[in-house]
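Numbered from 1 within each chain, the chains take letters A, B, ... in sequence-line order.
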There are 4 protein chains.
Amino acid sequence: MASDQSNDALIHSADPEHPANLICELCRKFYTLGWVTGTGGGTSIKHHDHIFIAPSGVQKELMKPTDMFVLDYNTREYLRKPQVLKPSACTPLFLAAFDRGAGCCIHTHSQWAVLITLLVERDFGSDACFEIEMIEQIKGIPKGRGKQGNLGYFDRLRIPIIENTAHEEDLTDSLAAAMEKYPDTYAVLVRRHGIYVWGDNVHKAKTQCESLDYIFQLAVEMKKLGLPWTK
Amino acid sequence: MASDQSNDALIHSADPEHPANLICELCRKFYTLGWVTGTGGGTSIKHHDHIFIAPSGVQKELMKPTDMFVLDYNTREYLRKPQVLKPSACTPLFLAAFDRGAGCCIHTHSQWAVLITLLVERDFGSDACFEIEMIEQIKGIPKGRGKQGNLGYFDRLRIPIIENTAHEEDLTDSLAAAMEKYPDTYAVLVRRHGIYVWGDNVHKAKTQCESLDYIFQLAVEMKKLGLPWTK
Amino acid sequence: MASDQSNDALIHSADPEHPANLICELCRKFYTLGWVTGTGGGTSIKHHDHIFIAPSGVQKELMKPTDMFVLDYNTREYLRKPQVLKPSACTPLFLAAFDRGAGCCIHTHSQWAVLITLLVERDFGSDACFEIEMIEQIKGIPKGRGKQGNLGYFDRLRIPIIENTAHEEDLTDSLAAAMEKYPDTYAVLVRRHGIYVWGDNVHKAKTQCESLDYIFQLAVEMKKLGLPWTK
Amino acid sequence: MASDQSNDALIHSADPEHPANLICELCRKFYTLGWVTGTGGGTSIKHHDHIFIAPSGVQKELMKPTDMFVLDYNTREYLRKPQVLKPSACTPLFLAAFDRGAGCCIHTHSQWAVLITLLVERDFGSDACFEIEMIEQIKGIPKGRGKQGNLGYFDRLRIPIIENTAHEEDLTDSLAAAMEKYPDTYAVLVRRHGIYVWGDNVHKAKTQCESLDYIFQLAVEMKKLGLPWTK
């Protein structure tokens, strides 16, 4: 019988769509995009009642399925726990997204996200959201949980920003609070840190994360050129 | 007999130059260039009377030939329509380019293109084209339909800009109008959205799209450095 | 007997160091670096009395050995001339470098090079060279033809700039004149166009081209940040 | 018996974790990151009493295990010395890091590092360190030699800067002095040149180098946007 250290049946599959394989492929892409530099950031997938989580402190472009942690969603106990690795400090934050119905949650240290949190604080105050409108890529973001379809071109995109804490796990309460206050959001920015993005499934979380990062980069360039984010 | 859902003979080929294979290869390149982030953008090739179109909402770097829609150019009926996918909202815009003699049409959400539309509006007004001259790369753009050869170094490149609409297909009339008003253009910018570029064939559409994007990026950097686009 | 169209023995080799293979590999790299976007730029290698030249108008990342033109250095006649392709308009400029002892010549449309030519013109006048000093990467550039070793950290790097012309081949005289006036240079910038870089061999031309592009990019960023290029 | 030129047993291994293989893989990555453009920069690994060093003047993305120099740490004599290559001028600087307990040392010419040295000099004077605080990625840097764990989010990161010299090896004394003055640092910036980063092992040196480069790039962008590095 497999111990919780060597429960390899959970992570071995020839199917590229298996969560353990998908996380590795995503992490390689995210490394190239500069989102998970220096082992920063993280990714988690919920597959039925199993939560697959990339470990802490591993070079993201070198991730292997055998590096994965697997958690039982109901009991919150590890079904698989590689002995030599540390579980991700993002785990409680990923769980907050899964409790909200997400199927995948991505955490990046994108520099564009960090710059946006600094620009919003300086120009609109520390309580302000990031807000932008009339950019086609906004249509890549869903309207909100339980709502049909995506935002429109004339809709205003709002992404809440929470303050960073000394320890990643201490972000959990303010992340949950931001989720309550902005029930339609699929992402929360963390000041001077990065972003948490989630989606109904891997495809949606990944493409929403890309769309948001595109918008953040564009917004930073707009600021450099003196172009306003809203009318 | 193949139904319109499973007409796979249309998209299966070992020839890398087959349109279904070319679209997949182009989409992978465009993803790397940041042109089709988050399933944005699109690509279509006209091969004799068959129009091959990348679907909506698919991760562009993962596109497979089996994802392709195929349309009959004359009847405008689908010869192949993957059941689980949505046809591209760009379809009527691609057809407008094919009606104009194009063999390939590319739609990108390039951030440089978006920034150019914002800078032109602010600095020259909402009726203005993007205009630039005396940049060698301008020689990568043809003089115009039915004209021999490409623009020269001393020619002024003009790319019209149309306003964005809530729904992509609603751009069709203003795109067609811009094509009428600027009969020599091979591209139309869409404000706060991106660009449509077409060419006589895949090679020309792709390299013209690259040349224009190069020029847009250069022009944005020139603006940051206080360098004028024209004399 | 091979005609000048099908002289394939000249370009077929399993050796990755064969000029026809090297040019293809270099062009793929240069495409990734943004130096040869939209079929721009070019590369040529002199191997004994054979000049290998990438054709005009071909997508650089897709270049194949069979696309190569081969010229006899002494007679200036084509030993191999692919019928469906056009010889590069850079050919007389490459020959000017080979006449000067080069073994390889690279022409890029690097945006950093173009921006440098615009900044020098605005800030120092149209007769000025690009000049920079006290940047470690300067040590990647040789002291000059017939001189031993590379520039030092405290040496000033000077790259002459010539004005662009309507036709690439018309640059030949001013390129040759710049080579006369600046006998130590291994590169000439072309205003609003790009750069020609040459070296004793492929390795040197390629790494010198990289070092110069690094310096141009750094110098553009320094200008944005208000940092001077020289004391 | 193997001579010091052909001691190939030292560098031939099928294990991708063998130092000679790791250096080649790292150099390919660093080339893509723009850290070792034009043969700049270098990498060295200490494995027991053997020091593996990438040679000088080789294109970093083409590095092969057979290019490696191997030095005996105790005797400082070469165990393997490829005849056609030059040993790295960084060798005494790498040794200074190994003397301090490092297992791997990386030297890059990162443009972000160079720009930081220029901005610090202009804004804080030539004796100032680079200082930044309250950026999550700071947590990727260890507290200091012999100390447990990494810096916290509220800790201030300080990276000393030494002046460049005409010859790389002449940096050795000031590098050693900076290591003495800042005993907790794992990196020293070199004005107008780049950075030396070391770590307990390859994994740590590489990820610390990535985290620092991320912070430098972010800090340069903050400067462009008028955002301060510290409270």
Visitor: Considering all heavy atoms of both residues, which atom of T39(C) and which atom of H203(B) are nearest to each other, and what is their separation?
Guide: CG2-CE1, 4.2 Å
Visitor: Report which part of E133(B) has an atom under 4.5 Å of a heavy atom belonging to chain C: side chain, backbone, both, or neither.
Guide: backbone
Visitor: Between Q217(B) and chain C, with a heavy-atom cut-off of 4.5 Å, which part of the residue counts as in contact: side chain, backbone, both or neither?
Guide: both
Visitor: Please classify the contact between Y214(B) and chain C as side chain, backbone, both or neither, with a heavy-atom cut-off of under 4.5 Å.
Guide: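 Both backbone and side chain.
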Visitor: Tell me if the CG atom of D127(B) is crowded by more than 12 foreign heavy atoms within 6.0 Å.
Guide: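 No, the 6.0 Å shell around CG holds no more than 12 heavy atoms from other groups.
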Visitor: Hey, is R28(B) close enough to E61(C) for a salt bridge, meaning N to O under 4.0 Å?
Guide: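 Salt bridge: no.
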Visitor: So which heavy atom on Q137(B) is nearest to which on T37(C), and how close?
Guide: NE2-O, 3.0 Å
Visitor: NE2 of H167(C): more than 12 outside heavy atoms within 6.0 angstrom?
Guide: no
Visitor: Give the interface residues of residues 219-231 of chain C toward chain B, defined by a heavy-atom separation under 4.5 Å.
Guide: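 Contacts with chain B: V220(C), K223(C), K224(C).
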Visitor: Does the side chain of E136(B) reach to within under 4.5 Å of the side chain of N164(C), using non-hydrogen atoms?
Guide: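 SC-SC contact between E136(B) and N164(C) confirmed.
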Visitor: Is the backbone N or O of A166(C) less than 3.5 Å from a side-chain atom of K139(B), with the two atoms forming a donor-acceptor pair by type?
Guide: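 Judged by distance alone, yes, a pair lies under 3.5 Å.
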Visitor: Please look at L33(B) and chain C and tell me whether the side chain, the backbone, both or neither of the residue comes under 4.5 angstrom of a heavy atom of that chain.
Guide: side chain
Visitor: For the CZ atom of R192(C) and the CG atom of L218(B), what is their distance to the nearest 0.5 Å?
Guide: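 Reported value, rounded in 0.5 Å steps: 9.0 Å.
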Visitor: Quick one: pull up CD in E210(B) and OH in Y31(C) and give me the separation to the nearest 0.5 Å.
Guide: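 Answer for the CD-OH pair, E210(B) versus Y31(C), is 3.5 Å.
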Visitor: What part of T32(C) is in contact with chain B, defined as an atom under 4.5 angstrom from a non-hydrogen atom: side chain, backbone, both or neither?
Guide: neither
Visitor: Quick check on the interface: out of E168(C), Q111(C), H109(C), H193(C), who has the most heavy-atom pairs with chain B under 4.5 Å?
Guide: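 When all of E168(C), Q111(C), H109(C), H193(C) are compared, Q111(C) has the most.
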